[in-house]
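Numbers restart at 1 for each chain; the letters A, B, ... are given by sequence-line order, proteins then strands. The analysis underlying the following values was restricted to heavy atoms, covering all of them including side chains, and did not include hydrogens, waters or symmetry mates.
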Amino acid sequence: MTSKTALLTIGLAACLVVGVRGGEPVALKPLTWSEFQKQLASPPAGTKLTVVDAWATTCAPCKENFPHLVEMRRRYGSEGLNVVSLSLDDVEDAKALAAAEKFLREKRAEFANVVLKEEYGAGYDKLDISAIPAVFLFGPDGEEVKRFTMDDPNDQFTYEQVEKEVAARLAAAK
Amino acid sequence: MRKVLLSMAAVFLAAPAFAGEFNKVLSAGDKAPDFAGLQAVAPNGEQTSLTLSDVKDDVVVVVFLSNLCPVVKAVEDRLNELTAEYKDKGVRVIGVCTNIQKGNTLADVKTRLDDPGDGKINYVYAHDDAGQSMGKAYGAVVTPSCFVLDKDRKIAYLGAVDDNQMKEDKVSKHFLKDAIDAVLAGKTPEVTETRATGCGIPYGK
C-alpha cells in the first residue's frame, strides 16, 4: 500500500513538473507575429473562442495573475475555449526563456505557450499595447473580438472582467 | 495632524488634457499636470517635498520609476548620466514612484537612496503617495515613462527613454536626450511621443 502511494505520488509529481497535455511537455513555441496570427486563425477543432494572455517573466502582475488563465482553461476548455499564453520575453535570451518555461511548468500551463520570435520589444507594437498583462479574445477565424489592457490608468482591466466576458461569449455561441 | 495635512497637500490639479497617440491621458503640447507637496528623497538621503511651481529650471524631466522593475534598472545608468550631463544646463530630473505595491513605498524609496552601496541615483526621487493621483494625471501606465516639460511647463515629449531600454548597446534613437536638447535650443523635438514600454503600473480601483 505504501509503495502504491509512493508510486502515485511520484507519478503525480512527474505530471506537475512536466505539465503534460496529450503527452507533450509544457514548452514555449517561438513564433513570428505572422505565424502567430496564422495559428490563431487555425485553432484546435471545436474552438469557439481563443483567449491570449500577453505576459513576460519580468512582469510581476502578469505572473501573479497567470493562475486565472489556468483556471479559465480548466473551467471553459471543454466548452470551446482555446487558451494561449504569449510571452514577450526576449526570444534571444536563453535565461529568460528557461525561466519562462520553468514558470509555465510550475503553473501547469497545459495549453499553447508561445514566445514571440520578433525583435525584443516589438510585441508591444504588434499588439498595440504599452503594458502587460494584456488579454485578447479572438474568434475561431483569428479576428480579434475584444481586448483588455492596462493602458488607460483610469480603466485598467481585471481578470474577473475577462472571465465574465469569456463566459458570456461561450454561452452565446452555444 | 501635521502629517495628515502634509499628505493632503499633495494635490494634482487636473488641466484640460487629451490623449496622445499612446498615452491615454496626455499628449505633447498639453499643460503638465501640476503637483505640490510631493514627498521625495534627495540623492543625499534627505527627505524633502516637491512642488512643480517651485522648480525654476528651464526644463523638468519627470520619469515614473519603480524599485523592482528590470527595465527601470536597465535604464538607471542612462538616467544618472543624463542627470549629471544636464544638471548645470537648467534641467531638473525628478523620478517618481507611483507604484504602491510591496517594495515601492516612500520608505522603500528612502531605504534605497540611503543605501551607501547604491550610489546610483543622482536625482531626486519622489513617491506619489496621494492615491497614485500623479501617475493617473500623467497617464503613466508603465515604468519607465518619461515626460519632458518645457519652460512653460507644457509637455514637449512623452514616452520611452530610447529605442532599446533593455539593451543600451543596441540603442540607435535617444528620444529623451534628443527632446531635452531640442527644448533647450528653443525648438520642438523631432519626436514628441513614443510608446513607453516596461513594467505595468497597476492602479487601484
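Residues in residues 37-111 of chain A take part in these disulfide (SG to SG under 2.5 Å) pairs, two or more places apart or across chains: A/Cys59-A/Cys62.
Using a 4.0 Å cut-off between charged side-chain N and carboxylate O, A/Lys164 and A/Glu160 make no salt bridge. Salt-bridge formation is not detected for the pair A/Glu35/A/Lys38: no Lys NZ or Arg NE/NH1/NH2 atom is positioned less than 4.0 Å from an Asp or Glu carboxylate oxygen.
Taking CG of B/Asp162 as the start and CZ of B/Arg78 as the end, the distance is 4.5 Å to the nearest 0.5 Å. A/Leu40 contributes atom CG, which lies 10.0 Å from atom CD of A/Glu143 (distance to the nearest 0.5 angstrom). Of the inter-residue distances, the one linking A/Leu137 atom CG with A/Lys146 atom NZ reads 8.5 Å to the nearest 0.5 angstrom.
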One pair to check against side chain to side chain donor-acceptor pair (under 3.5 Å): B/Tyr203 and A/Asp152. What are the steps and the verdict? CA-CA 10 Å; B/Tyr203 286 94; A/Asp152 184 344; over 6 Å; no
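Note on ring orientation: taking the six-membered ring where Trp is involved, the planes of A/Tyr159 and A/His68 are parallel (angle under 30°, cut-offs 30° and 60°).
Between A/Trp33 and A/Gln37, the closest side-chain pair of non-hydrogen atoms falls below 4.5 Å.
Between the side chain of A/Asn82 and the backbone N or O of A/Thr47 there is no donor-acceptor pair closer than 3.5 Å. Looking at B/Asp57, its side chain never comes within 3.5 Å of a backbone N or O of B/Val60 through a donor-acceptor pair.
Between the side chains of B/Tyr86 and B/Asp181, at least one donor N or O lies within less than 3.5 Å of an accepting N or O.
Within residues 192-201 of chain B, the residues approaching chain A closer than 4.5 Å by heavy atoms are, in numerical order, B/Arg195, B/Ala196, B/Thr197, B/Gly198, B/Cys199, B/Gly200, B/Ile201. Close approach to chain B, defined as a heavy atom under 4.5 Å from one of its heavy atoms, is seen in A/Asp90, A/Glu92 of residues 86-93 of chain A, taken by number. Contact residues of residues 116-132 of chain A toward chain B are A/Tyr120, A/Tyr124, A/Asp125, A/Asp128, A/Ile129, A/Ser130, A/Ala131, A/Ile132 (heavy-atom distance under 4.5 Å).
Annotation for B/Lys151: atom NZ does not count as buried by contact number, only 12 or fewer foreign heavy atoms lying within 6.0 Å.
Both the backbone and the side chain of B/Pro202 come within less than 4.5 Å of a heavy atom in chain A.
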